[in-house]
Amino acid sequence: MNPQLVLGWFKGNGGMMQRAAAPLLVIAILALMVLPIPSWMLDAFFTLNIAVALMVMMVAAYMVRPLDFAAFPAVLLLTTLMRLSLNVASTRVVLLEGHTGPGAAGAVIEAFGHFLIGGNFAVGLIVFAILVVINFVVVTKGSERIAEVSARFTLDAMPGKQMAVDADLSAGNIDEKEARRRRLEVAEEANFFGSMDGASKFVRGDAIAGILILIISIVGGFTIGVLQHGLGAGKAADTYVLLAVGDALVAQIPGLLISVAAAMVVSRVGREDDVGKQIIGQLFTSPRVLGLTAGILGLLGIIPGMPHVVFLGMAALLGWGAWSIHRRPAPVADEAKPVPPPAPDAEATWDDLQPVDLLGLELGYRLIALVDKNRQGDLLTRIKGVRRKFAQEVGFLPPAVHVRDNLELKPSGYRVTLRGVVVAEGEAFPGMYLAINPGGINTPLIGTPTTDPAFGLPAHWIEERHKEAAQMGGFTVVDSETVMATHLSHLMQVQAARLLSRTETQQLVEHVSKLAPKLIEEVVPKLVPIAAFQKVLQLLLEESVHIRDIRTIVETLAEHAGATTDPVELARRVRVALAPAIVQQIYGPTRELDVIAIEPGFERLLMQALSNAQSPALDPGVAEVFTRTAADVAMKQEELGVPACLLVPDAIRGAIARLVKRAAPRMQVLGHSEIPETHTIRIGPILRGASA
C-alpha cells in the first residue's frame, strides 16, 4: 500500500473522522458493558483510562480561564461512562474466570492487587475506603458546591456583563465585532457553569457506583467461588476479594484524578495565568512570608525529640529563598525629565497667546499615568475611539480633545472644558473599578459610594479583588479609563451643537462635496450661506437629531431655500424630511409609537400663547406647571422602559421643545407632520393644565 495514498486519505477525511469520533466512542463504551472482553484488551482499556484521566487533569491545570476547556462537561460524562463500562466488563471477567487465579482479569488488576496493597485484600479495602472518602466527601462535595454557586452567580451577573459590553461599545473602546464576540463569551460562560453544575453529579454518582460495584463483586465472587467452583471460604475470599479490590482501585484512581480536574476547573479565579503560575506568583514571592515560616520551622527543629535534620533543613531552604527574594533589586521608576522654564528676560511674542481649546480634558497628577503609554495607559486610545464612534453615529468629526495636566485639580480629579468653560467634573482612581448599579440591586459592596458621572447612577469604587464578586452580583464593572471615556462620550453627545463650529462645518461640506459635488455646488453656498447651513445643523443637533443623512438635509435645503432663508424654518422642514430616521432613533424598529399628548383645552391655550410672536406670552405659572408635569411623566415613562416622546401640533413644536428641555432633557418632542405614514401612534399619558 502506498503511504502517500494513506496519508492523503486521512487528510481528506480528517473532518469527517472528527465528527464521527464522539458517536463511535459512545458506542464503543457501551459495547464494553455487553460484549465479552479478553483480559489483554482490558489491560489496554484500563491503561487508556488512566492516560485520559492524566491528560484531563493536565489540561485543567494549564488552562487560563474556564472556557479554555469548554468541552469539560462532555469529557466528564464520557470518562465516567468509560470507567463504569470498564467496571462492568472487569466484574464480568472476575466472576467468570476468577477461580483460575489472580491474573484472570488481566495484568493491570493483578498489579494493583499485589503491588499497591501487597496482596492483602484487607489492606486493599481500607485503602479503597480512604480513596472513596477523599473523592466523595472532600473533592467531589466541594467541587459540586462551587459549581452550583458559580452557575447561580454567573447567571445573575449576565445582565451586568452585557451592560459592560454595551458601555465599552458606546464609549468607542471596542467595535461591533468585538462586542459580538464578548457577548457570545458571556453566554458561553453561563452555559459552561450551568453544565458543570449538572456534570458534577456524574462524579458523585461515579463514586457511589464504585462502592456498590465493589460490594456486589465481593459478594458475587465469594458466592460463585464457594458454590459453583467448590473453593474453600478462605481461598474464595483470597482470590475474588483481592481481584474485586484491585478492580475497584484501578477505576478509583482515574476517578480521583477526574474529580481533582473538575475541582480545579470550577475553582479557577483570574484570567491571566494558569494554576501553577498563580500559586508560585502568590505564595512564594513574599520574603516576609517565607522568612516567618523558616523561623517557625527553625524553632520547631531545635525542640528535643524533633527530627532536627528535616525541620532545620527545610527552614534553611525557606530562609535562603526569603533572602534571595529580598535582595532582588526593585524596579526603578523612570524619572520625568524636567521642562526648562522660559528665560525671565525673554520678550513677549504672539506665541505666548494660546488659543482656547474647543474641547479639553484636564487631569489631576495621579491620572497622568492613564495617558502615559510607557505605563500601559490607554486613555488616549480610548478618546480616539470615542471620536471615531461619535463621527459614525452623529455625522461629523468632532474637534480633537486637548489633554493636559492641571495641578489645581484634586490628584484624582478631572474636568472637561468646552471653549474654555468647564462643562463637567469627576474623579477616577487608577487601578480601581467603578461598580455601577443598573437598578434594583441591593447587594452590599466593599468600596467607596459615589455616582456614575455620565448617567448619575449609584455606584461604588472598588478594588480589583472585589471585581468578580461585583460582577456576579449584577453590577456593571468598568475601569477608570472606561469611566472617563464614557463620561466624555456622553458630554460630546449632549454638546454636539456647540462642537459643530465653522471649521467643522466647512470640513463637512468639503467631505460631502467628494461624494456629491454637484449637489453641494448648487446649494452651499449659492442658495444657503455657510453660516445658515451651520445654524440649521446646530438646531438639529440641539434636539439630538443626528446629521448622518447629510444628503437628505442638503436636498431638502435645495428644495425650500427659494421660499425662505430663516434657519429655524429650514430646520423644521429638514426635520419633516428626516422624520423616519428621527422616529427610528427614538423608538427603534417598532411601528406602533407610544406618545404623550396634551389635553385638548390646554393645547389650545398653548397654541394661543406660543404660535406666533404677536400672541400674548405664556403665563409663568402655567409654564412652571407644564414643565414640572412633563418632567414627572417623562420619568415614569423611562421607568416603564418606554421612550418619553411628546406629540404636539407643528406650529408650537419648537417652542414646546425649548420649554421642556431644561426640566426634562431626555424628553423628545415630535410634531404631527413628523410621524411617518408607515407608523401608527398610541396615546399614553395626557399632560393636563387644570392645576395652572
Side-chain angles (χ1 to χ4, degrees), residues 358 390-391 393-399 418-419 492-513 515-516 518-583 585-586 606-607 609-615 617-618 646 648-662 665 667-674:
L358 188 57
F390 179 91
E393 290 185 352
V394 179
F396 72 94
L397 183 64
L418 183 61
R419 300 180 185 271
M492 290 173 64
Q493 294 277 350
V494 173
Q495 303 288 344
R498 297 180 63 189
L499 292 176
L500 185 68
S501 66
R502 183 65 59 85
T503 302
E504 280 70 36
T505 306
Q506 188 64 48
Q507 291 173 349
L508 179 61
V509 170
E510 294 173 359
H511 175 71
V512 179
S513 65
L515 306 176
K518 293 295 183 181
L519 180 62
I520 288 294
E521 184 179 336
E522 292 175 0
V523 180
V524 182
K526 287 185 178 180
L527 296 178
V528 180
I530 190 70
F533 182 60
Q534 177 188 357
K535 184 62 178 178
V536 170
L537 298 181
Q538 287 178 331
L539 290 172
L540 296 174
L541 292 171
E542 282 179 358
E543 297 191 55
S544 302
V545 177
H546 294 168
I547 58 174
R548 287 186 304 169
D549 191 4
I550 193 67
R551 188 181 299 237
T552 299
I553 295 175
V554 176
E555 289 176 353
T556 306
L557 293 178
E559 180 181 355
H560 298 285
T564 179
T565 58
D566 181 15
V568 176
E569 178 61 21
L570 289 175
R572 185 189 70 79
R573 300 189 182 188
V574 169
R575 282 183 60 94
V576 176
L578 294 176
I582 295 175
V583 170
Q585 182 180 333
I586 299 172
L606 294 175
M607 284 283 293
L610 302 175
S611 57
N612 56 68
Q614 286 72 30
S615 302
L618 183 64
L646 178 63
V648 298
D650 294 335
I652 60 173
R653 195 214 65 83
I656 293 294
R658 290 189 296 271
L659 191 62
V660 302
K661 183 176 181 180
R662 188 177 299 275
M667 174 177 279
Q668 300 290 331
V669 182
L670 291 179
H672 290 157
S673 62
E674 295 174 357

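Just so it is clear, the structure is predicted and the values come from calculations on it, not from any experiment. For the numbers below, each heavy atom of this structure counts, side chains included, while hydrogens, waters and symmetry mates do not.
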Give, for atom [atom1] of [X] and atom [atom2] of [Y], the distance between the pair rounded to the nearest 0.5 Å.
{"X": "D650", "Y": "L670", "atom1": "CG", "atom2": "CG", "answer": "10.0 Å"}
{"X": "M492", "Y": "R498", "atom1": "CE", "atom2": "CZ", "answer": "13.5 Å"}
{"X": "L646", "Y": "Q668", "atom1": "CG", "atom2": "CD", "answer": "10.5 Å"}
{"X": "L540", "Y": "I582", "atom1": "CG", "atom2": "CD1", "answer": "7.0 Å"}

Could you check if a side-chain atom of [X] sits within less than 4.5 angstrom of a side-chain atom of [Y], using non-hydrogen atoms only?
{"X": "L397", "Y": "H511", "value": "no"}
{"X": "L570", "Y": "H560", "value": "yes"}
{"X": "L499", "Y": "L541", "value": "no"}
{"X": "V394", "Y": "R548", "value": "no"}
{"X": "F396", "Y": "L537", "value": "no"}
{"X": "L606", "Y": "V648", "value": "no"}
{"X": "S673", "Y": "R653", "value": "no"}
{"X": "E504", "Y": "P399", "value": "yes"}

key: Polar contact flag, side-chain donor to acceptor under 3.5 angstrom, E393-Q493   =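 Yes, side-chain donor-acceptor contact under 3.5 Å.
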Search all heavy atoms of [X] against all heavy atoms of [Y] and return the closest pair with its distance.
{"X": "A657", "Y": "V669", "value": "CA-CG2, 3.8 Å"}
{"X": "L539", "Y": "P567", "value": "CD1-O, 3.7 Å"}
{"X": "A497", "Y": "E542", "value": "CB-CG, 3.5 Å"}
{"X": "S501", "Y": "R419", "value": "CB-NH2, 3.7 Å"}
{"X": "T556", "Y": "T552", "value": "OG1-O, 2.7 Å"}

ask   = In this structure, are over 12 heavy atoms from other groups packed under 6.0 Å from H672 atom NE2?
value =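 Atom NE2 in H672 is crowded, with more than 12 foreign heavy atoms closer than 6.0 Å.
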message = Does this structure show an ion pair linking E569 with R573, if we count only N-O contacts that are shorter than 4.0 Å?
response =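 Looking at R573 together with E569, the answer is yes, because their closest N to O distance falls below 4.0 Å.
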key: Sidechain N-carboxylate O distance under 4.0 Å for E543, R575   =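 So E543 pairs with R575 through a salt bridge.
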Just list the side-chain donor-acceptor pairs under 3.5 Å for residues 518-535, sequence neighbours left out, or say none.
{"from": "Q534", "atom 1": "OE1", "to": "R502", "atom 2": "NE", "distance (Å)": "2.8"}
{"from": "Q534", "atom 1": "NE2", "to": "L500", "atom 2": "O", "distance (Å)": "3.2"}

task = Please report the C-alpha distance between V545 and V574 in whole Å, then the side-chain angles of each, then the deciding distance to 0.1 Å, and finally whether the side-chain contact (heavy atoms from CB on, under 4.5 Å) criterion is met.
result = CA-CA 10 Å; V545 177; V574 169; over 6 Å; no
